[in-house]
K.L.:
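Following this message is one structure expressed as structure tokens.
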Protein chains: 4
Amino acid sequence: MTARPAERDTLSRSQQRRRDDIVEAALKIFDRDGFEGARIDDVAAEAGIAKGTVYLYFENKEALFEGVVRDVVKPAVDAVERTAENEHMSASERLEAQVTLIGERLGKGSMKILLRLMIAEGPRHDNLRDFYFREVVEPGMAAIRKSLADGEASGEFRPGTADIHPQVLAGAPMMGAIWRILFQELAPLDIDSLLDDHLRTVLAGLRDRS
Amino acid sequence: MTARPAERDTLSRSQQRRRDDIVEAALKIFDRDGFEGARIDDVAAEAGIAKGTVYLYFENKEALFEGVVRDVVKPAVDAVERTAENEHMSASERLEAQVTLIGERLGKGSMKILLRLMIAEGPRHDNLRDFYFREVVEPGMAAIRKSLADGEASGEFRPGTADIHPQVLAGAPMMGAIWRILFQELAPLDIDSLLDDHLRTVLAGLRDRS
Amino acid sequence: MTARPAERDTLSRSQQRRRDDIVEAALKIFDRDGFEGARIDDVAAEAGIAKGTVYLYFENKEALFEGVVRDVVKPAVDAVERTAENEHMSASERLEAQVTLIGERLGKGSMKILLRLMIAEGPRHDNLRDFYFREVVEPGMAAIRKSLADGEASGEFRPGTADIHPQVLAGAPMMGAIWRILFQELAPLDIDSLLDDHLRTVLAGLRDRS
Amino acid sequence: MTARPAERDTLSRSQQRRRDDIVEAALKIFDRDGFEGARIDDVAAEAGIAKGTVYLYFENKEALFEGVVRDVVKPAVDAVERTAENEHMSASERLEAQVTLIGERLGKGSMKILLRLMIAEGPRHDNLRDFYFREVVEPGMAAIRKSLADGEASGEFRPGTADIHPQVLAGAPMMGAIWRILFQELAPLDIDSLLDDHLRTVLAGLRDRS
DNA sequence: GATGAATGAGGGTTCATTCAT
DNA sequence: GATGAATGAACCCTCATTCAT
């Protein structure tokens, strides 16, 4: 009886494609204009559909925002976790892989946009912020923490390493992401090179026993 | 027709005080609601004045935002620079002071709010972003860069240190600030302790010659 | 391309049944939400069909409203007229039967709904209002007028009775209907008892020659 | 601090006049288009102001409707009550005055519009319907009831008159009002003449002891 | 015939900005 | 200078109507 597609449990192939189009368009518009500044009209135009159609797939602007956040987060989750489980790597190698992954994810594409959206809008959208924390940040920190603990246990890192804040490792990738968001045109930053410096310094520091 | 205060070159003492009240109120409202979401009505109410009065001091919402950014940036500038010139400190001590200062500034008060506003709105306000970069970020990075170079020159740090991205040092304070903005309620982070871990690790890494 | 059912002269049995379902559903929704407030979606859902199907049977919302009015009016017409022709009743008995019938019709079921719809929407739908007047009101008034005239002719009522406005007789049933529409929950009114009072008083008044 | 006039306790003379203009305009537009059909734009145009100004005086469309109802009801209240207290009239005279007053009020001007609005929208606006009942209908019925009782007590009317539904008396004025709303153009009705017939018949009936 | 996704005009409401007092 | 009522453009969302399947 005329349920919106959005209210059904499942969407047909073509409906799913359309939903994805809308989310993709919304991500772009939200990035350009922010949540408040974004006009549903623009999202629809970007997606090549009529304004009303957006409302067939999302209850309202807030739900659209939520859809964007969830869709961007989804594929990010497993990637981080998979890295943590590479058993045949040394702790250093794993940390390097993890920091590099975070740097790459955060520094470009939709995760960069999401990061900015979360910083800008997160405090006004508690449930989305919580979701982002739970699904992205917490697992990431946990993965790093495990590598640190493993490195201490194996003697690769100095004693006490397990208790170091994982944010120390994630700091440079975060800095790189923010830099790209704000200053890339003004003062280009080579993220790979930044992460290189960061990893070389920090890993040396973790091995140091003086 | 008297000119608006905003159009005069100088403001009387009481006008300056009123202007500051408006900026202070606007900072709070922009932080709470974002640029688009902020209502001039709310700013005026927060400042205890009538809505029209805001327009006596600022041409429009955009100019008010600019006023906020400039006023917050102003006192921040010198502080960083002063630190860089403390000649009787070792490079390590100076870096420690600098990183700690950045962490404190960025992690609380109006600079934390400004950071968030810049990330959220910067890409839509190029001149403000440029201003922020020129007045805050560049000097900060330069100060760190100088400490790194001095440390290498004095033999305190390993060769090549001067070429390390200063963002490596600033990463942890930035991470701490973002964390506080987003997750402080969810998962409290002790910034001092984070910076401790960061500095111990990084400084050890910079001294390491292995 | 087969013609829509609505454009054919005749409907199959099952089509007629479906049309009736739609009209019945629409009556309910129009009653609940008014003409402007009614959503075709809701009518369709109430009828257990898809929204588009409504448009197979009715050109547009206006036509659906017209269908509702006509369908409700249809069975009402003959009833009133039949009463007027009961030759073996006294004038009083006939008036009593007529007033009671009007009271029952108007005070409940679809005629009550129709009355409200006509008051609410009639002035904006002249042709429907005219139709209602011609098919329902006029015959009703005529029937009463005839009873009054017959009663005067037979000496049952005082001279001049034939010239009395039939609305005098219909007033109480109308009042009862309006009361039920608006205040039944607030201050229940027993229509039978109201009509009793009304008839006793008015008939006595008509017989009075003082 | 920029409170809407509507949110203040008191309105200045000119504000009160403007508020009244809006209500007057709204009454006209609501009458023409119904509550749902009325456009705030049209109300504003009718009142000769900008659309936004309406919202300075009324929170929303619903509040505007409420304002209309309350403003129309206000002056109506006392009139009915005053009639009930005319001690030097006979019960018949008082009933006549009351029925005539109801007929005049209900049959034209803003009370006629209000009646129609209440029938159309009342069931969807419980509090307004209750207000209308409490302020207008109940006092009116009570006044009639008192006249009936007084008339029985004084012997002017037959025993049992006090128990007659007052709606019997109010029926004809109501019928006249509905008629004017719906059919005045189609079949003009002289309300005075209707009420004459009604009163002559009913009062005779009330005096009758046969 | 029946369906329901898609359309887009329309309307309620908000709020930056203006200006008479 | 200060005020806050007035303005009207803008934007979210709804829903009558269409039409491809």
Side-chain angles (χ1 to χ4, degrees), chain A residues 1-6 8 11-12 14-15 18 36-44 49-62 64, chain B residues 1-6 12 14-15 18 36-44 49-62 64, chain C residues 1-6 12 14-15 18 36-44 49-62 64, chain D residues 1-6 8 11-12 14-15 18 36-44 49-62 64:
Chain A
M1 318 212 184
T2 314
R4 337 178 144 190
R8 292 171 175 252
L11 279 68
S12 77
S14 68
Q15 284 171 342
R18 176 145 288 194
E36 284 279 350
R39 290 164 45 212
I40 299 291
D41 253 343
D42 283 353
V43 173
I49 58 176
K51 182 170 35 164
T53 306
V54 175
Y55 288 89
L56 294 178
Y57 291 84
F58 298 93
E59 183 97 14
N60 51 33
K61 202 183 181 185
E62 175 78 25
L64 176 58
Chain B
M1 297 299 164
T2 335
R4 319 167 153 201
S12 76
S14 70
Q15 285 170 343
R18 176 149 287 191
E36 283 281 350
R39 293 163 54 216
I40 299 292
D41 245 345
D42 283 353
V43 172
I49 58 174
K51 181 164 41 163
T53 306
V54 175
Y55 286 87
L56 294 177
Y57 291 84
F58 297 93
E59 181 93 16
N60 53 30
K61 202 181 180 184
E62 175 77 25
L64 175 58
Chain C
M1 300 296 166
T2 335
R4 319 168 153 200
S12 77
S14 70
Q15 285 171 341
R18 176 148 289 193
E36 283 281 348
R39 292 164 52 217
I40 299 292
D41 245 345
D42 283 353
V43 172
I49 59 175
K51 182 166 37 164
T53 306
V54 175
Y55 286 87
L56 294 178
Y57 291 84
F58 297 93
E59 182 92 16
N60 51 33
K61 202 181 180 184
E62 175 78 25
L64 175 58
Chain D
M1 322 216 178
T2 313
R4 335 177 144 194
R8 291 171 176 251
L11 279 69
S12 75
S14 69
Q15 284 171 344
R18 177 145 288 193
E36 285 279 350
R39 291 162 46 212
I40 299 291
D41 254 343
D42 284 352
V43 172
I49 57 176
K51 182 164 42 158
T53 305
V54 175
Y55 288 89
L56 294 178
Y57 291 84
F58 298 93
E59 182 96 15
N60 51 34
K61 201 183 182 184
E62 174 78 26
L64 175 58

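Order of the sequence lines fixes the chain letters, A, B, ..., with proteins taken first and strands second; residue numbering starts at 1 for each chain.
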K.L.:
May I have the distance from B/Phe58 (atom CZ) to E/dT18 (atom P), rounded to whole angstrom?
P.N.:
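Interatomic distance, CZ of B/Phe58 to P of E/dT18: 16 Å.
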
K.L.:
Can you tell me the Watson-Crick or wobble partner of E/dA6, both distances under 3.5 angstrom?
P.N.:
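Here E/dA6 is engaged in a pair, and the nucleotide opposite it is F/dT17.
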
K.L.:
Please determine, for the side chain of A/Lys51, which listed nucleotide (F/dC12, E/dA2, E/dA16) has the closest atom?
P.N.:
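So the side chain of A/Lys51 is nearest to F/dC12.
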
K.L.:
Heavy atoms from C-beta onward define the side chain here; which of E/dG12, F/dA16, E/dA6 lies closest to that of C/Tyr55?
P.N.:
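So the side chain of C/Tyr55 is nearest to F/dA16.
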
K.L.:
In whole angstrom, give the distance that lies between atom CD of D/Glu62 and atom P of E/dG11.
P.N.:
19 Å

K.L.:
Considering heavy-atom distances to DNA chain E, does B/Glu36 or C/Val54 have its closest nucleotide positioned more toward the 5' end?
P.N.:
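Its nearest nucleotide being more 5', the pick is C/Val54.
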
K.L.:
If you check every side-chain atom of C/Ile40, which of F/dT17, E/dT7, F/dT3 has the closest atom?
P.N.:
F/dT17

K.L.:
Any side-chain heavy-atom pair from A/Glu59 and A/Leu64 closer than 4.5 angstrom?
P.N.:
no

K.L.:
With sequence neighbours left out, write down each residue that passes side-chain contact (heavy atoms from CB on, under 4.5 Å) with C/Glu36, or none if nothing qualifies.
P.N.:
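Per chain and number, C/Glu36 pairs via side-chain contact (heavy atoms from CB on, under 4.5 Å) with D/Glu36.
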
K.L.:
Side chain of B/Lys61 only, please: which of F/dT14, E/dT17, E/dA2 is the nearest?
P.N.:
E/dT17

K.L.:
Answer yes or no: is there a donor N or O on one side and an acceptor on the other, between the side chain of D/Lys51 and the main chain of D/Val43, under 3.5 Å?
P.N.:
no

K.L.:
A/Asp41 or C/Arg39: which one's nearest nucleotide on DNA chain F is closer to the 5' end?
P.N.:
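Of the two residues, A/Asp41 wins.
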
K.L.:
Send over the distance from C/Tyr57 OH to E/dT3 C1', rounded to a whole Å.
P.N.:
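Distance check: C/Tyr57 OH to E/dT3 C1' gives 13 Å.
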
K.L.:
Ignoring hydrogens and angles, tell me if any N or O in the side chain of B/Lys61 forms a donor-acceptor pair with the backbone of B/Ala38 under 3.5 Å.
P.N.:
yes

K.L.:
Quick one: on DNA chain F, does A/Ala38 or C/Asn60 contact a more 5' nucleotide (nearest heavy atom)?
P.N.:
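Nearest-nucleotide comparison on DNA chain F picks A/Ala38.
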
K.L.:
Expressed as a whole number of angstroms, how long is the span from D/Leu56:CG to F/dG4:P?
P.N.:
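Going from D/Leu56 (CG) to F/dG4 (P), I get 13 Å.
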
K.L.:
Nearest heavy atom decides the nucleotide; on that basis, is D/Gly37 or A/Thr53 closer to the 5' end of DNA chain E?
P.N.:
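Its nearest nucleotide being more 5', the pick is A/Thr53.
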
K.L.:
Which of these nucleotides, F/dC12, F/dC15, E/dT7, is closest to any side-chain atom of A/Ile49?
P.N.:
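My answer, after comparing the listed nucleotides, is E/dT7.
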
K.L.:
Output the rounded distance in Å from CG (A/Leu64) to C1' (F/dC13).
P.N.:
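Result: 13 Å.
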
